J.: 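Structure incoming, see below.
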Amino acid sequence: MSNNPDHYVTASEVRQRFGNVCRKTLYRWTRDPATKFPTPMRIGRRCFWNDAELITFAAEKKGGN
């Protein structure tokens, strides 16, 4: 995790952070607006998530919001 707002993490890092979820689960969360999961930035065929958005998402989920 980083305090840099421009720090992006790979799908592998995101999957580890959220309990080693499978790739399909990660992309299902991304496509489901009800989860409010952060939208990735795509570069070619790869996806990268903003670390600050993931931290905020996790904090909101932990807080029950």
Side-chain angles (χ1 to χ4, degrees):
M1 288 188 240
S2 171
N3 290 333
N4 182 350
D6 295 326
H7 181 75
Y8 285 82
V9 295
T10 64
S12 177
E13 292 171 301
V14 174
R15 289 172 43 218
Q16 276 187 315
R17 186 177 298 181
F18 290 96
N20 286 322
V21 298
C22 69
R23 190 177 317 169
K24 189 172 185 172
T25 297
L26 178 60
Y27 290 105
R28 190 172 45 237
W29 288 350
T30 301
R31 288 189 303 268
D32 184 358
T35 64
K36 299 181 183 176
F37 196 76
T39 303
M41 173 179 63
R42 295 183 73 79
I43 298 176
R45 296 181 66 169
R46 295 187 68 191
C47 291
F48 299 88
W49 282 261
N50 181 287
D51 194 33
E53 290 177 8
L54 291 171
I55 292 169
T56 300
F57 173 80
E60 288 175 354
K61 287 296 179 188
K62 188 179 272 187
N65 292 338

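When a residue number appears, it is its place in the shown sequence, counting from 1. Predicted model only: the values in this text are computed from it and were never measured.
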J.: I'd like a table of donor-acceptor pairs (distance under 3.5 Å, sequence neighbours excluded) in which one partner is a side-chain atom from residues 38-45, with atom names and distances.
T.:
none

J.: Going by the rule side chain to side chain contact (heavy atoms under 4.5 Å, CB included), which residues pair with T56 if we only count those two or more places apart in sequence or in a different chain?
T.: E60
J.: Is V14 reachable from F48 through a run of hydrophobic residues whose side-chain heavy atoms are each under 4.5 Å from the next?
T.: no
J.: Show the nearest heavy-atom pair for residues R15 and R23, with the distance to one decimal.
T.: NE-N, 3.6 Å
J.: Using every non-hydrogen atom in the two residues, find where I55 and R17 come nearest and quote the distance to one decimal.
T.: CG1-NH1, 4.2 Å
J.: Rounded at 0.5 Å granularity, tell me how far CZ in R46 sits from OH in Y8.
T.: 15.0 Å
J.: So, for L54 and F18, which heavy atoms are closest and what is the spacing to 0.1 Å?
T.: CD2-CE1, 4.0 Å
J.: Below 3.5 Å, can you tabulate the donor-acceptor pairs from side chains in residues 24-31 to any protein atom, sequence neighbours excluded?
T.:
from	atom 1	to	atom 2	distance (Å)
T25	OG1	R28	NH2	3.2
T30	OG1	L26	O	3.0

J.: Would you compute the distance between atom NE2 of H7 and atom CH2 of W49 and round it to the nearest 0.5 angstrom?
T.: 13.5 Å
J.: Identify, with sequence neighbours excluded, every residue that meets side chain to side chain contact (heavy atoms under 4.5 Å, CB included) alongside N20.
T.: Q16
